[in-house]
Amino acid sequence: MRGTQGLPEPFAGDLDMTVRTRFAPSPTGFLHIGGARTALFCYLHTRRVGGTFILRVEDTDRERSTQEAVDAILEGLHWLGLDPDEGPYFQSDNTAHYLEAARRLLEEGKAYRCYCSRETLDELREQQRAQQIKPRYDGRCRALAAAGTPFPDGQPYVIRFQTPTTGVTAWEDQIQGTIQFPNEELDDLVLVRSDGAPTYNLAVVVDDHNMGITLVIRGEDHISNTPRQMHLFQAMGWPVPHYAHMPLLHGADGSKLSKRHGAVSVLQYRQEGFLPTAVNNYLVRLGWSHGEQEIFTQSEMEQWFDVREVGRSAAIFDLAKLMWINGHHMRAAHPDQLLPDLLFHLAQRGITDPDPQQVRAIIPEFQPRAKTLVEMAEKCHFFFVDSVLPYEEKAAQKHFLTAPVAPYRALLESLTALPEWEMAAITQAFQQTVAAHGLTVGQLAQPVRVALTGTSVSPGIYEVLYLLGREKSLSRLQEGARLLGNAQEENAR
RNA sequence: GUCCCGUUCGUCUAGUGGCCUAGGACAUCGGCCUUUCACGCCGGUAACACGGGUUCGAUUCCCGUACGGGACGCCA
């Protein structure tokens, strides 16, 4: 699980020289669609400016971090084409750096030891809530430390940062505009836990500095952490990065995306037959636009996306639009590109060894007819089975049982007699049969379609005949002829 | 409760004081194309949260209200 790469040289100084962003997930679960969007924005923004996209796994919570989650995040990012330029780095490898920073702060009198117990703190918070004021640490140990009270021996303690109590902390957010917090709203955050482990806010600041991060792109749920982190940068004497806080992605009911809204792993979208570029395309349009363009290729996104153009309000995840965009990318894709995925999804339905040549050949017929690869596999399933019997009930009733028998048989004969199984010949045979019996194409096409596919829906009937091949076409038509004959006898009785 | 952020058609968005009787897209409804289904094409319904300012003029600027979201951990 350890990253093998060492940390880069400390960031030199000029924030605008080279953009370095990081995506910093905590491995406590899979990569869901909201996290994927954050990663995408980071990735895209660095592409345009030729910057560096870094992946940093924030596993300072050893209790909840798992290797499975790390793997799932890596695989999800890879599927979307969002592989990092650097990393993954693991915060658990950098503990010494964090503790060193905390030690320095302590030495310089910018941090202090706090001996308050969790019970004391809980009580305090409860009181504050009762008084309807913002729950926060009241700094009692800070006062003690300032008064020079000696440390009690053998008592567990945490290290807290000494937050400025006056003034205002403000920054120009690349997305949100100016944001400011009166420092009196902030409390003294814990830097090091009583078990000696560093906390998130410390680790983030030390790493962002050591990794030379110039621009922090993250969800707006981190806005309230920003002033604290800025104070830490300043206390350490480090330059503060730029920030861009993205509006959150919400579920259909308008609240933060969660499992009940389908905030499933991005890999679930692969399973459901979506194309990674389509997912990216959908996600990039949530909060960002480029004129009136809806459809983007991966490279267009990479050329045009600018985090400063991202809107400020939260968006709701809309599956219908994702489907439409995916359908578009399905149609635009080269059939060769779709082939491996379609083979996979056919296998999922039990079609384990179709002729890849044939699968490749039918793809163009289904590109305009399927919005996902799963749908494509469903719709072309009939090509690969031994028999389409029994016919779909409604299709049989409406289009097959009422078929004109003589023309149907004539077509079967005429197709059987074809010297070559070619589109032109098939088309001609079909049209001649129809004309000879004074029918419309549809009157014969529908029963034939049912016989060939078992349903009333398919690509054009000539194409189906041709692509299905002589052998399967004729045997299915014969099967149909037999059924038609039986049905007719019964009617005669 | 406190602090922070947000608010244009059902949804995603365009719009930065007059070009807006608010544009596009998805969804939806109707039509065309047609051998079915899609695709495609044409058309319809549908929005500036509310109230005050500022201004000759506000969707655009300011204030307030309402509503929504986020944060308030020895989680990240």
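Just so we're on the same page: letters track the sequence lines, and every chain starts at 1.
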If B:C33 has a Watson-Crick or G-U wobble mate with both distances under 3.5 Å, name it; if not, just say none. none
Could you give me the CA-CA distance, side-chain angles and deciding distance for A:Phe41 and A:Phe305, then say whether ring pair (Phe, Tyr, Trp, His ring centres under 6.0 Å) is met? CA-CA 8 Å; A:Phe41 281 27; A:Phe305 181 82; 4.8 Å; yes
For nucleotides 21-36 of chain B, give me one character per nucleotide, 5' to 3': B if any protein heavy atom sits under 4.0 Å from the base, S if the only such contacts are to the sugar-phosphate, - if neither. --BBBS--------BB
Spacing of A:Gln176 atom CD relative to B:G70 atom C1', expressed in whole Å: 10 Å
Scan A:Asp207, A:Asp61, A:Asp59 and name whichever one has a side-chain hydrogen bond (donor to acceptor under 3.5 Å, both in side chains) with A:Gln91. A:Asp207
Salt bridge (charged side-chain N to carboxylate O under 4.0 Å, His left out) partners for A:Glu185, two or more places apart: A:Lys134
Closest to the side chain of A:Ile316, out of B:G6, B:U11, B:C4, is B:U11
Could you tell me how far B:U54 sits from B:G70 if I compare only their C1' atoms? Round to whole Å. 32 Å
Provide, to the nearest angstrom, the distance between the NE2 atom belonging to A:His250 and the C1' atom belonging to B:C12. 14 Å
Of the options A:Arg142, A:Arg160, A:Arg228, which is the one that meets A:Asp188 in a salt bridge (charged side-chain N to carboxylate O under 4.0 Å, His left out)? A:Arg142
Looking at B:G1, which nucleotide sits across from it as a Watson-Crick or G-U wobble partner, both distances under 3.5 angstrom, or is there none? B:C72
Restricting to pairs with a member in residues 438-457 of chain A, which pass ring pair (Phe, Tyr, Trp, His ring centres under 6.0 Å), not counting sequence neighbours? none
Could you please name the partner base of B:U21, counting Watson-Crick and G-U wobble pairs only when both distances are under 3.5 Å? none
Write out a two-atom table: protein N or O, nucleotide N or O from nucleotides 72-76 of chain B, distance below 3.5 Å.
from, atom 1, to, atom 2, distance (Å)
B:C72, O2', A:Pro135, O, 2.6
B:C74, O2', A:Arg118, NH1, 3.4
B:C74, O2, A:Arg118, NH2, 3.4
B:C74, O2, A:Ser194, N, 2.9
B:C74, O2, A:Ser194, OG, 2.9
B:C74, N3, A:Ser194, OG, 2.9
B:C74, N4, A:Cys116, O, 3.3
B:C75, OP2, A:Arg193, NE, 2.5
B:C75, OP2, A:Arg193, NH1, 2.3
B:C75, OP2, A:Arg193, NH2, 3.4
B:C75, O2', A:Asp61, OD2, 2.9
B:C75, O2', A:Arg64, NH2, 2.9
B:C75, O2, A:Arg64, NH2, 3.4
B:A76, OP1, A:Thr60, OG1, 2.8
B:A76, OP1, A:Arg193, NH2, 2.8
B:A76, OP2, A:Tyr200, N, 3.0
B:A76, O3', A:Glu58, O, 3.2
B:A76, O3', A:Glu58, OE1, 3.4
B:A76, O2', A:Ser26, OG, 3.2
B:A76, N6, A:Asn225, OD1, 3.2
B:A76, N6, A:Asn225, ND2, 3.1
B:A76, N1, A:Asn225, ND2, 3.3

Distance check needed: B:U13 P versus A:Asn281 CG, whole Å only. 13 Å
Between A:His290 and A:Trp304, what is the ring plane arrangement, given parallel below 30°, perpendicular above 60°, and tilted in between? parallel
For side chain to side chain donor-acceptor pair (under 3.5 Å), just list the numbers for A:Arg193 and A:Thr60, CA-CA rounded to whole Å, side-chain angles, deciding distance to a tenth of an Å, and then say yes or no. CA-CA 11 Å; A:Arg193 304 193 231 295; A:Thr60 48; 4.7 Å; no
Name all pairs fulfilling the side chain to side chain donor-acceptor pair (under 3.5 Å) condition that reach into residues 435-444 of chain A, sequence neighbours left out, sorted by first residue then second. A:Thr440-A:Gln443
Could you check which nucleotide pairs with B:A49 in any of the strands shown, counting Watson-Crick or G-U wobble with both distances under 3.5 Å? B:U65
Who passes ring-ring contact (aromatic ring centres under 6.0 Å, His included) against A:Phe430, sequence neighbours left out? A:Tyr462
Is A:Glu294 salt-bridged to A:Lys321, going by a charged N under 4.0 Å from an acidic O? yes
Residue mapping more 5' on RNA chain B - nearest nucleotide basis, A:Ile223 or A:Ala315: A:Ile223
A:Glu63, CD atom: more than 12 neighbouring heavy atoms under 6.0 Å: no
Step by step, work out the ring pair (Phe, Tyr, Trp, His ring centres under 6.0 Å) result for A:His329 and A:Tyr282. CA-CA 11 Å; A:His329 284 274; A:Tyr282 174 68; over 10 Å; no
Span that lies between the P atom of B:G64 and that of B:C56, in whole angstrom: 24 Å
Write down the distance separating the P atoms in B:U36 and B:C48, rounded off to the nearest Å. 42 Å
Determine the interatomic distance between P on B:U21 and the same-named atom on B:A47; round to the nearest Å. 15 Å
Rounded off to whole Å, could you give me the CE-to-C1' distance for the A:Met323 and B:A38 pair? 13 Å
5′-ward residue of the pair A:Glu309/A:Gln132 relative to RNA chain B: A:Gln132
Tabulated below should be each protein N or O lying under 3.5 Å from an N or O of nucleotides 42-47 of chain B; please produce it.
none

Spacing of A:Met246 atom CE relative to B:G70 atom P, expressed in whole Å: 15 Å
Checking A:Arg113 against A:Phe151: charged group under 6.0 Å from the ring centre and within 45 degrees of the axis? yes
Salt bridge (charged side-chain N to carboxylate O under 4.0 Å, His left out) partners of A:Glu100, counting only residues at least two apart: A:Arg103
Both distances below 3.5 Å, Watson-Crick or wobble geometry, any strand: find the nucleotide opposite B:C26. B:G10
Can you measure A:Glu185 atom CD to B:C4 atom P for me and round it to whole angstrom units? 6 Å
Hey, is NE2 on A:His222 packed in by over 12 heavy atoms from elsewhere, all under 6.0 Å? yes
Which of residues 161-175 of chain A sit near RNA chain B, with a heavy atom under 4.0 Å from it? none
Distance check needed: B:A38 C1' versus A:Asn326 CG, whole Å only. 15 Å
Please tabulate the protein-to-nucleotide N/O contacts below 3.5 Å involving nucleotides 61-63 of chain B, giving atom names and distances.
none

Whole Å only: how far is the CZ atom of A:Phe317 from the C1' atom of B:G10? 16 Å
Once the angle between the rings of A:Trp288 and A:Phe296 is folded into 0 to 90°, is it parallel (under 30°), tilted (30 to 60°) or perpendicular (over 60°)? tilted
I'd like to check the salt bridge (charged side-chain N to carboxylate O under 4.0 Å, His left out) partners of A:Asp71; sequence neighbours left out, ordered by chain and number. none
A:Lys379: partners by salt bridge (charged side-chain N to carboxylate O under 4.0 Å, His left out), with sequence neighbours left out: A:Glu375
